Every structure is written in C-alpha cells, then in structure tokens.
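The structure displayed is predicted, hence computed values, not measured ones. Read the numbers this way: they start at 1 and go in the same order the structure lists the ligands and their atoms. Count residues from 1 along the sequence.
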Amino acid sequence: MSPGSASPAAIPGGGVACVRHVAIIMDGNGRWAKRRHLPRVAGHRQGMEAVRRTIRAAGEIGLEALTLYAFSSENWRRPVDEINDLMGLLRLYLKREIDELDRNGVRLRLIGDYHKFAPDLVEQLEAAVARTANNQGLTAVLALNYGGQDEIVRVARRMAEAAKAGTLDPAAIDIDLIDDHLDTAGLPPLDLMIRTSGEVRLSNFLLWQAAYAELLFTDTLWPDFDRAALEDALAAFGARERRFGGR
Ligand code: IPE
Ligand code: IPE
Ligand code: MG
C-alpha cells in the first residue's frame, strides 16, 4: 500500500480531494429485514443489491479501490442456516454479476482466508478473479473470512518461517515489508472507512490499514446504501483535514 501517483476522484459538491481507496463495513442487513418483519435473508438479499449499486457508483466516480466487508472471521459464530444463506447469495452474486463487472472494467480481488469456504465457491471466486485480472477500472475487493487480527497473524507466521529458513533477516522487517505481506498488498493506502447501521466499531476490519484512514459512521442500513450515500460520504471526507501526525 505504498503511496503512488494519485488519480484523484472528484468529490461531489465541487472540490477534488485525493480519495483513492474506500472500505465499507456493510452492516445492518438483519435490522433492515426486522423492521419489515421479514426473515434476515431478505435483508442480505437487499444487501447484495446495495453491493451491486455501490460498486457501479464507485467505478463511475473514479475510485481506484473499494473494499467491502462481506464475511468476517467472526461471522462463523452465526447460525449455520444464516451462514448457508450468505454463501448461497455470494454464489448467486458472482453468477449474476460477473458479466457486468467484467464489461465495466472492474477488477475483482479477494482478501481474507477465503480458502476455508466450500471448494466449489473457492473455485467460482478464483475464476472471477482470474477473468477480471487484466481489467483497468475499479478494483473491487471482497473481504471474505477476513479478520484484521487473523491477517496480521498470517503475516507474522510467514515471516517467522522465512526467518527460520534463513531467507528473511528480522532486521529487514519494517512497515513497508509488512504492507507488502498483507492481503491488501499493492492496493492504494486506505483513505476512508465507512460503517453503516449506526454501530461505531471496526469489528476487526483492516486494523493495520486503518492507521490513518478517516472513519465515517452513518445510520443508513446497508440495504439502503446507494450512490447518493456514497457521494455524501465522499463529500464529508473532502471536508476533513488529514494531518498524518504533522501539523
Ligand atoms: C451485515 O448485516 C451482513 C453481514 C455481517 C454478513 P448483519 O447481518 O450484521 O445485520 P445486523 O447487524 O444484524 O442488522
Ligand atoms: C461486521 O459486521 C462484519 C461484516 C459487515 C461482514 P457484524 O455485524 O458481524 O459486526 P458486529 O458483530 O456487530 O461487531
Ligand atoms: Mg451486524
């Protein structure tokens, strides 16, 4: 995630700020459904529509990367029926959306330990990544079985193994080297982290990468999120003063 030449996305409302990479904790599907006396899966289904809308809007706005928290390493604690519903919707999303994503130049990427998913789903995910690998538009990153702590544990383990094998000098470990070993290696630095549904916590999302990200919490439930909500968030981001420890 080393800073490179920025291609700034226009901030709605006039200004241009350097926003390259936005991440979203897509929360509130269950409450959206509950308010309508619908089963939770109905909320997840509408959440999938919000994913479709938001990826399209992010591409049109000109973001470089959009990272979406779709399934956390802690979401295995949910009832198995709900987990199965989420996996089913992911299969459906890939099947239904891959043509349009590809047509729109979206490059799909994955972060998290998604290899723990069912083999057919892993295959489907990797096929979608391979098919879109050379696209030049938005990089849409799906966080699947992702946890920030788990990601750092996996990096530490790999580095310890390399040190033991004699291929890594512990003195060479610095911030850039860790960046290069994270699941997010090569993505632009995270500028803005949005969480929907009114909860004010990170829930283990992009802990390392959020070091200097701007945080934005909105009461909008994820299934109601749309282009206007993304534009509002970008406008709020544009009004922030980022100091990175300077003055
Ligand atoms: C987010 O909505 C979707 C996932 C975590 C997969 P929730 O299912 O967490 O919705 P709430 O928080 O219960 O409303
Ligand atoms: C975070 O939402 C995970 C995703 C959006 C995938 P949760 O609903 O799982 O988070 P908590 O449990 O409220 O912290
Ligand atoms: Mg939730």
Side-chain angles (χ1 to χ4, degrees), residues 21-55 57-58 65-94 96-97 108-118 121-122 124-125 140-154 182-184 187 190 192-210 213-226 229-230 233:
H21 185 179
V22 175
I24 307 181
I25 302 173
M26 310 184 288
D27 199 14
N29 294 354
R31 279 161 284 169
W32 184 94
K34 194 169 181 200
R35 283 183 194 175
R36 288 163 179 77
H37 308 285
L38 294 169
R40 290 180 65 86
V41 66
H44 294 316
R45 221 176 275 130
Q46 286 309 306
M48 187 171 86
E49 298 304 320
V51 168
R52 182 216 305 259
R53 285 196 295 273
T54 306
I55 289 180
L66 176 72
T67 300
L68 299 175
Y69 206 6
F71 193 88
S72 79
S73 51
E74 285 70 41
N75 285 147
W76 297 109
R77 293 176 186 153
R78 297 194 179 199
V80 69
D81 284 355
E82 180 169 356
I83 294 172
N84 287 338
D85 285 341
L86 288 166
M87 299 296 158
L89 283 171
L90 182 56
R91 284 185 179 88
L92 184 66
Y93 174 80
L94 290 168
R96 265 215 234 142
E97 296 304 314
L108 206 62
R109 230 184 110 158
L110 310 171
I111 60 171
D113 200 3
Y114 67 90
H115 288 102
K116 302 264 160 67
F117 285 4
L121 182 50
V122 172
Q124 200 186 354
L125 284 162
V141 185
L142 297 182
L144 298 170
N145 191 23
Y146 177 88
Q149 292 176 330
D150 177 67
E151 179 185 36
I152 292 167
V153 165
R154 287 186 283 108
L182 291 166
D183 294 350
T184 50
L187 291 171
L190 183 62
L192 173 64
M193 163 109 71
I194 300 168
R195 183 174 189 141
T196 59
S197 88
E199 306 292 352
V200 185
R201 55 178 170 266
L202 297 184
S203 298
N204 206 8
F205 195 36
L206 300 175
L207 298 181
W208 170 281
Q209 297 85 343
E214 294 295 323
L215 307 179
L216 190 136
F217 300 93
T218 167
D219 288 337
T220 303
L221 300 175
W222 176 250
D224 294 325
F225 201 85
D226 57 10
L230 180 62

Q | More than 12 heavy atoms of other groups within 6.0 Å of Arg36 CZ | A | yes
Is it the case that more than 12 heavy atoms not belonging to Gln149 sit under 6.0 Å from its CD atom? no
Please list the nearest protein heavy atom to [atom] with its residue and the distance rounded to 0.1 Å.
atom: atom 14 (O) of ligand 2; answer: Ser203 OG, 2.6 Å
atom: atom 2 (O) of ligand 1; answer: Asn29 N, 3.2 Å
atom: atom 10 (O) of ligand 1; answer: Gly30 N, 2.9 Å
atom: atom 7 (P) of ligand 2; answer: Arg78 NH2, 3.7 Å
atom: atom 5 (C) of ligand 2; answer: Met26 O, 3.4 Å
atom: atom 6 (C) of ligand 2; answer: Tyr69 O, 3.3 Å

Any donor-acceptor pair under 3.5 Å linking the side chain of [X] with the backbone of [Y]?
X: Arg195; Y: Arg201; answer: yes
X: Gln124; Y: Arg91; answer: yes
X: Asp113; Y: Asn145; answer: no

Arg31 near ligand 2, heavy-atom distance under 4.0 Å? no
Going by the 4.0 angstrom heavy-atom rule, the piece of Ala70 near ligand 2 is backbone
Going by the 4.0 angstrom heavy-atom rule, the piece of Phe205 near ligand 2 is neither
Strictly less than 4.0 Å: does any protein heavy-atom distance to atom 12 (O) of ligand 2 fall in that range? no
Original post:
Does ligand 1 have any atom that is closer than 4.0 Å to a heavy atom of Gly28?
Top reply: yes
Next on the checklist: Any heavy atom of Glu199 closer to ligand 1 than 4.0 angstrom?
Outcome noted: no
Would you say Ser72 has any N or O atom under 3.5 Å from an N or O of ligand 2, going by distance alone? no
* Asked: Looking at ligand 2, does any of its N/O atoms fall within less than 3.5 Å of an N/O of Asn75?
  -> yes
- Asp27 near the Mg ion (ligand 3) via N/O/S, less than 2.8 Å: yes
Honestly, for Lys34 the part within reach of ligand 1 (heavy atoms, under 4.0 Å) is neither
Atoms of ligand 1 under 4.0 Å from any heavy atom of His44, numbered from 1 in the order shown, are 3 (C), 8 (O)
| message | Are any of the N/O atoms on Asp27, whether in the backbone or the side chain, positioned under 3.5 angstrom from an N/O atom of ligand 1? | response | yes
